[in-house]
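Before any comments, here is the structure.
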Amino acid sequence: MLNRSSDEARYKWVALSNTTLGVLIVTINMSILLIALPDIFRGIGIDPLAPGNISYLLWLIMGYLVVTAVLVVSFGRLGDMFGRTRMYNLGFAVFTVFSILLAATWMHGDAGAIWLIVMRVLQGVGGALLLATSTAILTDAFPTHQRGLALGINQVAGIGGSFVGLVVGGVLGPVNWHWVFLVSVPVGVFGTVWAYLKLRDTGTRNRARLDWWGNATFAIGLVAVLVGITYGIQPYAGHTMGWTSPVVLTLVVGGIVVLALFAWIETRVPDPMFRLSLFRIRAFTAGNVASLLAALGRGGLQFILIIWLQGIWLPEHGYSFERTPLWAGIYMLPLTIGFLVAGPVSGFLSDRFGARPFATGGMVVAAASFLLLDVVPVDFDYLAFAGLLLLNGLAMGLFSSPNRAGIMNSLPPDQRGAGAGMTSTFQNAATVLSIGIFFSMLILGLASSLPTTLAAGLTAQGVPAATAAQVAALPPVGTLFAALLGFNPVQTLLGPQVLAGVTPAQAATLTGREFFPQLISGPFADGLTLALGFAAGACLVAALASVLRGGKYHWTEPDLAPGPTRTARTAQSRN
């Protein structure tokens, strides 16, 4: 008995170490391309700002997120049925294989871009397998009174990994863009072998038939909605964005209808992919609503900060456009530090006091940090900016770990994989939606004032009025992507003939470090106010949802002893 207890005590830390490594490598790869994209596009010979190449740019960013959002519920359910560690091991292997194929890219031009997109999507399949099962494996391995700490460490690794990826991409991209993908290979090989040798199923396995119709309708509906959001950001028929495009409207509305069909199917099949009755558990429902809203507020934050740093602040403070990607990642480190500090601590404390006080307080503080960021001028003092990033990181860490532990504690053992998958789907789908919302708000802000500002700035430097008007009429999404990638688009937009027609001093000003950032600072601030206001509102509603979760709560197994009475299947106490 003592040996068994000692073995279980050792195993739970092995499970935590391996699943944290898996989640970390998946989330690092969610963001590693954001900083390295300019180097990748230069490497395959593609101009990312050319109108026809915007789709390549978006799908390299969004394809990985879309596939992980769509597949985690199905993979989580398969883990419940066939073994969570088996699905997890497969995820590590799939992720590693496609990391190798991404690093081995030899094609250039359109073929190279399409290859990278397809391989990224397939790499995301491996990532979805890892995300879908890691939380359930930890919940099985750890007793109730330690799950908050374990899930807190795992969750912080996941959220922190998305910011670590920015620095890793910024360091490796300029050296050799292939290394951006190659860095995952040794980690993947090690993790695959380690998981195969050491992990084992300790939870309840639920043998059931596959819900083919449920899986199909969920995948089709969610893919349609997320693809529609992705294309809604792009210009359409003279409009600054594509939200009025018949294709976008068909995808979004049709996807919602198919998801409604999925919900109808799940109430009628004997072995559903996801039991909608789980939403009758208040702690599960409130936790997922809060998680979705927090992801809506947090998801687009990376893009806002990268655009702000790479496109405006760093060039205005003497950094060349080629150096801004790396330094943007470095200057965002206070956000990661906040996650790393608050996550494990709040997870540990939630084991004793419950999730509600920490998750609710975290969202209130996060909302305040967003509002304070809006008060900061575009040309900010870095110490104040870093302090607010640290505050936001602490707030998100304070929320995320207890909230995830509260969700997982509320689930019956045979539904933990599907439940964890649904939670990951809410988070990842909300991240894609958040990117769409944040980009749309920034584009609205730019569209309202950028054309006038751009035309006036160009003519003041000797550019002919007709040319300035033509450039100012281009869709603002190109300007937004230029800032996201750390590009100075003025030289590309004007071309050598126009620059040859102005004085050398004017040409130097137009193509220098400060002209473009100063030009978009005002319009960017207009869009920034909209985006940060939305993020703050989403966090406050998340705080309300967290309050409504109730007190400390966990699911307990029934007493199987013979007799007419059984112990309650759930246990709850009020804080």
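Along the sequence shown, residues carry numbers from 1. Remember, it's a predicted structure, so these values are computed and weren't measured experimentally. Computed over heavy atoms, backbone and side chain alike; hydrogens, waters and symmetry mates excluded.
- Here the closest heavy-atom approach between residue Asn89 and residue Ala195 is recorded as OD1-CB, 3.1 Å.
- In this structure, the separation between CZ on Phe339 and CG on Leu335 is 5.0 Å, given to the nearest 0.5 Å.
- By the 4.5 Å heavy-atom criterion applied to side chains, Leu305 and Leu389 are counted as neighbours.
- For the pair Thr217 and Gly214, the tightest heavy-atom approach, listed with the atom from each and the gap, is OG1-O, 3.2 Å.
- Residue Ile407 holds its CD1 atom at 4.0 Å from OG1 of Thr423, rounded to the nearest 0.5 Å.
- In this structure, CE in Met396 is found 4.0 Å from SG in Cys539, a value given to the nearest 0.5 Å.
- Here the straight-line distance linking atom OG1 of Thr230 with atom CZ of Phe439 works out to 11.0 Å at 0.5 Å rounding.
- Here Thr431 contributes atom OG1 and Met62 contributes atom CE; the two are 9.5 Å apart, rounded to the nearest 0.5 Å.
- Counting only distance, with no hydrogens or angles, the side chain of Thr425 and the backbone of Ala69 share a donor-acceptor pair below 3.5 Å.
- At a threshold of 4.5 Å between non-hydrogen side-chain atoms, the residues Val247 and Leu251 count as touching.
- The neighbour count for Trp194 CH2, taken as heavy atoms of other residues, nucleotides or ligands under 6.0 Å away, is above 12.
- At a threshold of 4.5 Å between non-hydrogen side-chain atoms, the residues Asp110 and Tyr56 count as touching.
- Counting heavy atoms from C-beta outward, Leu37 and Ile61 have side chains that approach closer than 4.5 Å.
- Judged by distance alone, with hydrogens and angles left aside, the side-chain atoms of Ser401 form a donor-acceptor pair with the main-chain N or O of Gly343 at under 3.5 Å.
- With sequence neighbours left out, Thr336 forms a side-chain hydrogen bond (donor to acceptor under 3.5 Å, both in side chains) with no residue at all.
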Extract all donor-acceptor atom pairs below 3.5 Å that involve side chains of residues 116-129 and protein atoms in other chains or at least two apart in sequence.
{"unit_1": "Arg120", "atom_1": "NH1", "unit_2": "Asn29", "atom_2": "O", "d": "2.9"}
{"unit_1": "Arg120", "atom_1": "NH1", "unit_2": "Gln123", "atom_2": "OE1", "d": "3.1"}
{"unit_1": "Arg120", "atom_1": "NH2", "unit_2": "Asn29", "atom_2": "O", "d": "2.8"}
{"unit_1": "Gln123", "atom_1": "NE2", "unit_2": "Ser99", "atom_2": "OG", "d": "2.9"}

Pair Phe358-Ser546, side-chain contact (heavy atoms from CB on, under 4.5 Å): steps then yes or no = CA-CA 9 Å; Phe358 303 100; Ser546 186; over 6 Å; no

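- The backbone N or O of Ala405 sits less than 3.5 Å from a side-chain atom of Asn409, completing a donor-acceptor pair.
- Each of Leu131, Leu138, Thr139 was evaluated against Thr135; a single residue qualifies, Thr139, per the side-chain contact (heavy atoms from CB on, under 4.5 Å) test.
- In this structure, Tyr64 and Phe95 have perpendicular ring planes: the angle between them is above 60°, well past the 30° mark.
- Residue-environment remark: CZ (Arg268) exceeds the threshold of 12 foreign heavy atoms within 6.0 Å.
- Residues satisfying the side-chain hydrogen bond (donor to acceptor under 3.5 Å, both in side chains) test with Asp211, not counting sequence neighbours, are none.
- With Thr96 contributing its side chain and Gly188 its backbone, the two residues share a donor-acceptor pair below 3.5 Å.
- Phe190 has its side chain within reach of Leu21: a pair of non-hydrogen atoms, C-beta onward, lies under 4.5 Å apart.
- For Thr85, the side-chain hydrogen bond (donor to acceptor under 3.5 Å, both in side chains) test picks out Asp201, with sequence neighbours left out.
- Val227 is listed as a side-chain neighbour of Trp59, based on a closest heavy-atom distance under 4.5 Å.
- A donor-acceptor contact shorter than 3.5 Å is absent between the side chain of Tyr88 and the backbone of Leu199.
- Put simply, the side chain of Thr105 gets close to the backbone of Leu102: a donor and an acceptor are under 3.5 Å apart.
- Closest heavy-atom contact between Ala103 and His178: O-ND1, 2.8 Å.
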request  = Begin from the C-alpha positions of Thr285 and Arg282 and carry the test side-chain hydrogen bond (donor to acceptor under 3.5 Å, both in side chains) through to its verdict.
outcome  = CA-CA 5 Å; Thr285 301; Arg282 184 169 60 163; over 6 Å; no

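- Rounding to the nearest 0.5 Å gives a distance of 9.0 Å between CG of Leu90 and CG of Leu130.
- In this view, Phe41 satisfies the ring-ring contact (aromatic ring centres under 6.0 Å, His included) rule with no residue, not counting sequence neighbours.
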request  = Could you check Met30 against Thr68 for side-chain contact (heavy atoms from CB on, under 4.5 Å), going step by step and ending with a plain yes or no?
outcome  = CA-CA 10 Å; Met30 285 183 177; Thr68 52; 4.1 Å; yes

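- The two residues Ser410 and Ala283 have their closest heavy-atom pair at CB-CB, 3.9 Å.
- Contact record, Gly43 with Trp177: CA-NE1, 3.4 Å, taken as the closest heavy-atom pair.
- Put simply, the side chain of Arg77 never gets that close to the backbone of Ser74: no donor and acceptor are under 3.5 Å apart.
- Residues that satisfy the ring-ring contact (aromatic ring centres under 6.0 Å, His included) test with Phe142, not counting sequence neighbours, are Trp13.
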ask   = Checking side-chain contact (heavy atoms from CB on, under 4.5 Å) for the pair Arg298/Ser400: CA distance, chi angles, key distance, verdict?
value = CA-CA 11 Å; Arg298 183 184 67 238; Ser400 298; 4.1 Å; yes

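- Ala141 and Lys12 get closest at one heavy-atom pair: O-CB, 3.6 Å.
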inquiry  = side-chain contact (heavy atoms from CB on, under 4.5 Å), that's the test. Do Thr192 and Tyr196 meet it? Break it down for me.
reply    = CA-CA 6 Å; Thr192 301; Tyr196 178 77; 5.6 Å; no

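- Between the side chain of Ser291 and the main chain of Asn288, no donor-acceptor pair closer than 3.5 Å is present.
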